[in-house]
Amino acid sequence: MKIYLNGDLVEKDKAMVSVFDHGLLYGDGVFEGIRLYDHCVFKLDEHLERLEYSAKAILLELPLNRQQLADAVCETCRANNLSNGYVRLVVTRGVGHLGLSPDGCGPPSVIIIADDIQLYPQELYETGLKIISVPTRRINASALPPAVKSLNYLNNILAKIEAKKVGFQEALMLNDKGEIAECTGDNVFVLSKGVLYTPPLDAGSLRGITRASVMDIAQDLGIKCREQALTRYDLWTAEECFLTGTAAEVIPCVEVDHRRVGSGEPGEITRKFISKFRENVCEDGVKL
Ligand code: PXG
């Protein structure tokens, strides 16, 4: 496997960064997780825009422009003969000194890994996920804007651990007002009386690329979609629920906090979103 590292394609076991890289020492950096479908990098431009915004928010100057990053992503996929898979694009503050200050750090390290993706078992798309709300809250926007896809995922990792410890695959994260924010790496949608709802970004959700695709599909299907503050009660009493994310795509959720969602089986509208999403993925990207 070839890894893109600061302009070079190097073998996996030679792809190393310094222990003084502030990405490692402090989680000081940003990243994107991108899908490759049938030689097509899905929504590459949208991912690169989000990376630019994340970098701008943490005052990290990207060493490559949008086109150069796009070329580097495609080159890495081609070098690995990948037609379907997962691309992890990481930019760190770079090598510096011990101490929080980014002064003296740099240049930023750019790392691109293109690999196979470990999908959720197909069975889960048919039976649905069971999720549980956990004590760890989504980070407060005044501490760190949740829209920044930074290398600091400890908060979400703790939530994931809490869910797993009690036998669930996924955690539902609330914000400090007790509203639904998102799951640990996925956005949340519910269907209630024929209207689709998802928490607004200021509730602590990431501006998910899959979330945006689902909103577009809703429009195509003539289903109203509203960004609205949601409580756990709204999920407990919804007719349908599903999660969206680059890794998960669109996955049904059939139980929230031990309450069955709807009939307890993936809903009819959810199934429509799953198949529409899969229809669209090969059309909406950059060809390798
Ligand atoms: N919320 C959070 C906190 C995320 O990290 C999403 C929502 C969904 O966003 P997208 O743009 O993917 O629809 C994410 C995305 C991984 C991995 O390796 C994580 C994500 C995406 C891909 C892979 O764990 N997070």
Side-chain angles (χ1 to χ4, degrees), residues 1-36 41 43-80 82 85-115 138-158 184-185 201 204 206-209 246-247 286 288:
M1 184 195 294
K2 295 254 195 283
I3 311 288
Y4 177 100
L5 182 59
N6 299 324
D8 296 318
L9 284 164
V10 293
E11 267 312 318
K12 180 180 166 181
D13 54 1
K14 302 242 160 52
M16 314 251 188
V17 290
S18 163
V19 293
F20 287 94
D21 192 303
H22 277 213
L24 173 71
L25 287 175
Y26 300 112
D28 187 356
V30 293
F31 80 101
E32 282 295 318
I34 310 168
R35 270 295 193 111
L36 179 68
V41 190
K43 302 268 184 190
L44 179 55
D45 205 48
E46 286 82 347
H47 280 286
L48 294 179
E49 181 185 72
R50 189 169 67 186
L51 185 82
E52 287 167 3
Y53 289 164
S54 295
K56 185 163 188 193
I58 68 159
L59 294 124
L60 171 62
E61 200 168 324
L62 294 177
L64 302 176
N65 65 27
R66 178 106 42 118
Q67 189 57 53
Q68 290 168 324
L69 283 168
D71 290 345
V73 166
C74 294
E75 191 191 347
T76 311
C77 293
R78 283 194 295 263
N80 289 289
L82 211 61
Y86 175 66
V87 179
R88 167 63 59 99
L89 168 54
V90 181
V91 185
T92 77
R93 190 79 66 182
V95 177
H97 306 289
L98 294 181
L100 290 174
S101 173
D103 293 349
C105 272
S109 307
V110 181
I111 301 160
I112 304 172
I113 307 167
D115 201 357
R138 189 72 171 110
I139 217 147
N140 187 306
S142 59
L144 180 70
V148 176
K149 205 163 161 58
S150 83
L151 294 180
N152 256 289
Y153 258 55
L154 204 45
N155 155 253
N156 296 42
I157 291 166
L158 289 179
T184 62
L201 301 177
L206 187 78
R207 188 193 293 275
I209 310 283
T246 294
V286 171
L288 287 184

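In what follows, every heavy atom counts, from backbone to side chain, and hydrogens, waters and symmetry copies are set aside.
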Answer yes or no: is there a donor N or O on one side and an acceptor on the other, between the side chain of Asp21 and the main chain of Gly23, under 3.5 Å? yes
Exceeds 12 heavy-atom contacts within 6.0 angstrom, atom OH of Tyr153: yes
Go through Ile111 and Tyr4 one step at a time and tell me if the side chain to side chain contact (heavy atoms under 4.5 Å, CB included) criterion holds. CA-CA 6 Å; Ile111 301 160; Tyr4 177 100; over 6 Å; no
Heavy atoms, side chains only, cut-off 4.5 Å: are Lys149 and Leu206 in contact? yes
Indicate yes or no: at least one non-hydrogen side-chain atom of Thr184 is less than 4.5 angstrom from one of Ile157. no
Please round to the nearest 0.5 Å and tell me the distance separating atom CD1 of Ile3 and atom CG of Asp8. 13.0 Å
Report the distance from atom CG of Asp115 to atom CG of Leu82, rounding to the nearest 0.5 Å. 7.5 Å
Check the surroundings of atom CZ in Arg88: do more than 12 heavy atoms from other residues, nucleotides or ligands lie under 6.0 Å from it? yes
Short side-chain to backbone donor-acceptor contact, His22 and His97, under 3.5 Å: yes
May I have the list of side-chain donor-acceptor pairs in residues 66-80 shorter than 3.5 Å, sequence neighbours left out?
unit_1: Arg66; atom_1: NE; unit_2: Glu52; atom_2: OE1; d: 3.3
unit_1: Arg66; atom_1: NE; unit_2: Glu52; atom_2: OE2; d: 2.8
unit_1: Arg66; atom_1: NH1; unit_2: Asp45; atom_2: OD1; d: 3.0
unit_1: Arg66; atom_1: NH1; unit_2: Asp45; atom_2: OD2; d: 3.2
unit_1: Arg66; atom_1: NH2; unit_2: Glu52; atom_2: OE1; d: 2.8
unit_1: Gln67; atom_1: NE2; unit_2: Asp71; atom_2: OD1; d: 2.9
unit_1: Gln68; atom_1: OE1; unit_2: Asn65; atom_2: N; d: 2.8
unit_1: Thr76; atom_1: OG1; unit_2: Ala72; atom_2: O; d: 2.6
unit_1: Asn80; atom_1: OD1; unit_2: Lys2; atom_2: N; d: 2.7
unit_1: Asn80; atom_1: ND2; unit_2: Lys2; atom_2: O; d: 2.9
unit_1: Asn80; atom_1: ND2; unit_2: Thr76; atom_2: O; d: 2.8

Residues that Leu24 engages under side-chain contact (heavy atoms from CB on, under 4.5 Å), provided they are two or more places apart: Val19
Is any side-chain heavy atom of Tyr26 closer than 4.5 Å to a side-chain heavy atom of Leu100? yes
Quick check: do Leu62 and Lys56 have side-chain heavy atoms less than 4.5 Å from each other? no
Which residues pass the side-chain contact (heavy atoms from CB on, under 4.5 Å) test with Ala147, not counting sequence neighbours? none
Is any side-chain heavy atom of Ile113 closer than 4.5 Å to one of Lys12? no
Give the minimum heavy-atom separation between Asn152 and Gly27, together with the two atoms involved. ND2-O, 3.2 Å
Leu5 vs Val110 side-chain heavy atoms within contact, under 4.5 Å: no
With a 4.5 Å cut-off on side-chain heavy atoms, are Thr246 and Ile34 touching? no
Could you give me the CA-CA distance, side-chain angles and deciding distance for Ile58 and Arg93, then say whether side chain to side chain contact (heavy atoms under 4.5 Å, CB included) is met? CA-CA 10 Å; Ile58 68 159; Arg93 190 79 66 182; 4.0 Å; yes
Derivation of the side chain to side chain contact (heavy atoms under 4.5 Å, CB included) call for Ser109 and Asn6: CA-CA 6 Å; Ser109 307; Asn6 299 324; 4.0 Å; yes
Compare all side-chain heavy atoms of Pro63 with those of Pro108 and state whether any distance is below 4.5 angstrom. yes
Side chain to side chain contact (heavy atoms under 4.5 Å, CB included) assessment of Val30 paired with Leu60: CA-CA 9 Å; Val30 293; Leu60 171 62; 4.2 Å; yes
Which atom pair, heavy atoms only, marks the closest approach of Gly96 to Cys105? CA-SG, 3.7 Å
Is it the case that atom CD in Glu61 sees more than 12 heavy atoms from other parts of the structure closer than 6.0 Å? no
Separation between CZ (Phe31) and OG (Ser150), nearest 0.5 Å, reads 8.0 Å
Let me see the working for Arg50 and Glu32 under salt bridge (Lys or Arg N to Asp or Glu O under 4.0 Å), right down to the final yes or no. CA-CA 8 Å; Arg50 189 169 67 186; Glu32 282 295 318; 2.8 Å; yes
